[in-house]
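Working notes for the structure below.
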Amino acid sequence: KALKANFSHNLPPTGSGVPVSGGPPVLPLASPLMGKKKKPFLGMPAPLGYVPGLGRGATGFTTRSDIGPARDANDPVDDRHAPPGKRTVGDQMKKNQDDDDEDLNDTNYDEFNGYAGSLFSSGPYEKDDEEADAIYAALDKRMDERRKERRELREKEEIEKYRMERPKIQQQFSDLKRKLAEVSEEEWLSIPEVGDARNKRQRNPRYEKLTPVPDSFFSKHLQSGENHTTVDPLQGLGGLNTPYPGSMTPGLMTPGTGELDMRKIGQARNTLMDMRLSQVSDSVSGQTVVDPKGYLTDLNSMIPTHGGDISDIKKARLLLKSVRETNPHHPPAWIASARLEEVTGKLQVARNLIMKGTEMCPKSEDVWLEAARLQPGDTAKAVVAQAVRHLPQSVRIYIRAAELETDVRAKKRVLRKALENVSKSVRLWKTAVELEEPEDARIMLSRAVECCPTSVELWLALARLETYENARRVLNKARENIPTDRHIWITAAKLEEANGNTQMVEKIIDRAITSLRANGVEINREQWIQDAEECDKAGSVATCQAVIRAVIGIGIEEEDCKHTWMEDAESCVSHGALECARAIYAHALQVFPSKKSVWLRAAYFEKNHGTRESLEALLQRAVAHCPKAEVLWLMGAKSKWLADDVPAARSILALAFQANPNSEEIWLAAVKLESENNEYERARRLLAKARSSAPTARVFMKSVKLEWVLGNIEAAQELCTEALKHYEDFPKLWMMRGQIEEQCENMDKAREAYNQGLKKCPHSMPLWLLLSRLEERVGQLTRARAILEKARLKNPQSPELWLESVRLEFRAGLKNIANTLMAKALQECPNSGILWAEAVFLEARPQRKTKSVDALKKCEHDPHVLLAVAKLFWSERKITKAREWFLRTVKIEPDLGDAWALFYKFELQHGTEEQQEEVRKRCENAEPRHGELWCAESKHVLNWQKKIGEILTQVASKIKNTF
């Protein structure tokens with residue numbers, strides 16, 4: 001730059017004509033535009049819409065200097081007092097956008113009102129718009145003035161009502177503000193300043209720093225001091241001031257451990273208390289100031305017994321105080337306040353409150369009764385006396401007064417005084433009569449029914465105390481006074497029955513129904529049956545039966561009669577009203593004499609609850625009406641046979657033959673009767689006759705069985721072969737053939753019989769099981785297993801076959817395979833009770849309980865599972881629970897002989913003789929016929945003539961409690 005400046009300084013000015021370094025003079029240069037014409041558009045304004053450079057593709061741009069400084073969307077606007085929603089630049093921009101864009105969307109269109117908002121707000125506002133607005137405004141004003149006064153008045157009332165319901169805070173405190181005028185200057189200055197009342201730690205919360213201390217620190221300090229484990233009572237209180245090293249009282253530590261010995265602390269506290277009490281009691285004056293035992297007892301009584309939170313109690317106290325002050329004549333407020341104090345242990349405060357309540361609410365019965373309850377004996381009597389003065393007609397107060405008296409004479413005196421004031425109270429009369437002797441009670445009741453002629457109880461009580469003649473008069477008077485009550489009529493019927501006039505009972509009950517209907521009383525069937533049950537329990541059989549006969553048909557459709565009556569009879573039996581049930585059955589049999597089901601129900605009822613004579617009489621009538629009902633004939637014959645009256649049983653069966661010729665059931669019953677009574681030839685002849693006249697598979701089976709049990713094996717085999725010619729698809733015949741061969745040790749023939757049987761009857765489970773067990777017995781375990789697998793393929797989901805497979809493996813000692821098979825079995829038959837029962841005892845002892853819970857979830861009411869649970873409790877020596885589950889099992893399935901046998905075995909081991917006998921009797925009544933263990937004994941050829949009781953004993957003796 002300096003060189004350039006220096007150089008230019010030495011040069012002469014351009015165009016000056018002076019020659020440089022002595023050369024010729026230089027002429028000035030001519031400008032290139034000098035000779036040309038000036039352009040016309042220079043200095044002129046640009047045409048409209050002209051954009052410089054647009055022709056050659058250059059567009060204009062705007063710089064920051066053109067539009068001013070940038071503003072962020074969150075920057076505040078210049079207006080300090082802008083309303084919410086317009087306080088930032090972004091808000092205002094958004095608002096402007098909203099104003100510009102009219103929402104002409106379909107969703108904003110209403111069919112009646114058009115678009116929301118003004119459609120033409122963006123258009124120009126002209127003079128005619130202004131005129132229209134002025135007209136509309138004038139109209140609005142005119143319309144507004146029409147009902148202005150009325151509307152303003154209504155709005156004012158609404159505002160006042162709202163203000164009353166929800167007053168402002170300043171209005172709530174207005175009465176207190178007025179009282180501020182009475183506050184003196186000293187009181188004002190003594191008001192503490194408002195400040196944070198919490199302590200420093202709460203005001204400035206900081207996390208607590210906890211530093212773990214090593215165990216060696218504790219052990220060192222423990223060992224540094226002596227271990228005093230007791231406090232010497234003779235030392236007095238000075239012993240506790242003995243200096244000691246360390247930070248804890250070493251005497252309160254157990255030697256050698258770092259744990260606090262709480263027992264020792266308790267002992268030390270008790271010793272201290274004793275010493276302090278002994279010091280106080282042995283005072284200088286020689287008088288005992290404090291009773292030590294009483295003092296400790298009082299301390300216990302001071303501990304509040306309620307379980308509530310203290311803050312809740314304070315809150316409740318405050319609320320109740322507010323209720324009492326705002327409405328002092330509201331009795332529940334006083335009662336609730338007193339009860340709150342009573343619960344918190346402040347009995348005296350409660351008494352004071354309730355006494356104040358009696359002053360405020362002297363006409364409230366509840367407040368007086370609460371006061372009498374809270375006050376002690378004599379004071380309570382005084383309170384009740386005061387209550388009577390205020391409420392001379394209150395029955396409850398008089399009864400409370402009588403309860404407070406301990407002496408019977410005093411009670412009578414109070415109640416008689418009460419009856420002078422309130423003679424119409426039934427409750428007072430009843431309470432007074434209960435205290436009297438029968439003679440005085442009768443006199444009082446005769447007065448009571450005059451005062452309260454509509455009380456049924458008083459009339460009936462008087463009738464019970466009177467003689468027969470007077471009782472009849474009393475009941476007649478009662479009927480006149482209360483013509484709508486059924487109890488008076490029923491009592492009259494009972495009275496007649498008790499005095500031997502049974503023929504009058506029916507008439508009285510019929511007249512009762514007629515009279516009550518005439519007086520517009522609806523005859524409620526259920527209520528009358530209930531009354532009949534009560535008569536039955538009271539021993540009035542004739543009345544009970546008369547009532548049943550009178551009302552049993554009321555309000556029932558003809559087609560529902562039978563069903564409803566049977567339900568009623570069962571209901572009466574369950575309530576223990578047997579005579580009612582008998583009456584219902586008798587009536588049903590009159591209406592439906594040819595219904596076999598009704599006769600059967602009645603017969604079973606007599607069998608379970610009646611005598612043998614009543615059962616036989618009923619069955620005689622039954623077979624006369626239903627001669628084709630074989631079961632009724634058989635029941636009659638069995639009843640005679642059980643009473644050892646065989647000729648009568650034969651004659652009944654002979655009559656049954658006449659009514660039902662060629663009936664299989666009657667043939668077999670006759671055979672059983674003869675064979676049970678050792679008349680084997682007669683039984684054979686009967687069976688031969690039956691085979692010729694009514695040949696059935698069962699008749700043949702019974703024929704084979706008779707010969708087999710009598711030891712005639714050849715005759716049995718011949719009969720079996722003959723039977724199988726006719727009935728080859730009857731599996732029991734194949735079973736018997738195989739079993740006879742097994743008995744004769746002909747294993748091959750037995751196997752052949754079972755295999756032939758399975759060809760004809762592939763779905764007979766017992767045949768498969770017999771064949772499998774035969775193979776197992778001869779040592780062919782693999783073949784037995786194969787047979788069971790084949791059986792399972794032909795009969796899927798068969799729990800009996802799965803169970804046998806599991807047991808087969810278990811008996812062979814292969815417990816793992818048995819468990820695997822059981823798991824498969826339970827997958828295939830998840831609801832099989834016999835499988836679950838077996839699974840429980842396949843488990844190890846600790847897991848059995850869990851398995852039994854699973855079993856009960858799957859098969860809740862299955863007798864086998866219930867029996868398994870009973871056995872489980874038995875094995876754990878839980879005798880009571882085991883007995884409960886046995887009872888439950890035999891109740892659910894009384895036909896399961898195994899349950900009875902196990903129950904009997906259990907009672908033999910753990911029960912009394914009475915319990916054993918009861919199980920035996922119940923088993924004989926139930927006559928069980930099923931069960932694995934039971935059938936093995938009952939169907940054995942050697943036990944064919946044994947009674948149920950004998951079989952029960954035999955099965956129980958063979959049970960080993962190895963479970």
Side-chain angles (χ1 to χ4, degrees), residues 486 490 509 513 523-623 625-626 629-632 634-636 638-639 860-861 863 866 887-896 899 918 921-928:
R486 66 184 189 282
I490 292 170
I509 297 297
I513 301 282
I523 306 298
N524 186 322
R525 192 170 162 281
E526 276 72 27
Q527 284 179 352
W528 280 85
I529 290 175
Q530 224 170 337
D531 292 336
E533 286 178 11
E534 282 168 20
C535 293
D536 187 357
K537 285 168 191 170
S540 305
V541 177
T543 308
C544 136
Q545 291 174 343
V547 169
I548 290 290
R549 280 195 292 275
V551 301
I552 196 72
I554 292 173
I556 301 176
E557 298 294 328
E558 200 172 321
E559 57 268 20
D560 296 337
C561 279
K562 183 185 143 192
H563 173 67
T564 311
W565 289 346
M566 294 302 107
E567 277 186 0
D568 288 339
E570 281 170 22
S571 164
C572 290
V573 171
S574 65
H575 295 153
L578 301 179
E579 289 301 331
C580 285
R582 194 169 275 125
I584 292 170
Y585 280 127
H587 184 78
L589 290 169
Q590 280 179 357
V591 179
F592 305 111
S594 58
K595 288 277 185 188
K596 179 179 130 186
S597 59
V598 180
W599 283 109
L600 261 179
R601 292 271 190 106
Y604 283 127
F605 168 75
E606 291 297 345
K607 184 185 171 187
N608 294 328
H609 303 287
T611 60
R612 190 171 63 82
E613 289 78 14
S614 65
L615 172 63
E616 286 171 7
L618 181 85
L619 287 167
Q620 275 183 343
R621 286 168 50 216
V623 294
H625 285 99
C626 303
E630 296 169 9
V631 66
L632 295 171
L634 296 174
M635 278 179 83
K638 188 173 182 181
S639 176
E860 193 180 350
H861 300 298
L866 297 177
L887 285 167
R888 202 177 291 182
T889 310
V890 295
K891 189 177 180 183
I892 279 183
E893 186 55 273
D895 192 41
L896 185 64
E918 191 194 345
K921 274 186 183 172
R922 285 181 64 188
C923 177
E924 285 171 354
N925 289 336
E927 296 179 4

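Quantities reported herein were computed from a predicted structural model and do not represent experimental measurements.
- Between Val890 and Ala899, the shortest heavy-atom contact is CG1-CB, 4.0 Å.
- Smallest separation of non-hydrogen atoms from Glu927 and Glu924: CG-O, 3.3 Å.
- The closest side-chain heavy-atom distance from Lys891 to Leu866 is not below 4.5 Å.
- When all heavy atoms of Ala926 and Pro894 are compared, the closest pair comes out as CB-O, 3.7 Å.
- Nearest heavy-atom pair across Pro863 and Leu896 is CB-CD2, 4.0 Å.
- Taking all atoms of both residues into account, the shortest heavy-atom contact from Cys923 to Pro928 is O-CD, 3.3 Å.
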Check step by step if salt bridge (charged side-chain N to carboxylate O under 4.0 Å, His left out) holds for Lys921 and Glu918.
-> CA-CA 5 Å; Lys921 274 186 183 172; Glu918 191 194 345; over 6 Å; no
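- Considering every non-hydrogen atom in both Ser571 and Ser574, the closest pair reads O-OG, 2.6 Å.
- Two residues are said to be in side-chain contact when any heavy atoms from C-beta on lie closer than 4.5 Å; Trp565 and Val598 fail this criterion.
- In this structure, the separation between NZ on Lys595 and NZ on Lys562 is 4.5 Å, given to the nearest 0.5 Å.
- Atom CG of Asp568 is separated from atom NE2 of His563 by 10.0 Å, given to the nearest 0.5 angstrom.
- Interatomic distance, Ile584 CD1 to Glu570 CD, rounded to the nearest 0.5 Å: 10.5 Å.
- A distance of 13.5 Å separates NE2 in His861 from CD in Glu893, rounded to the nearest 0.5 Å.
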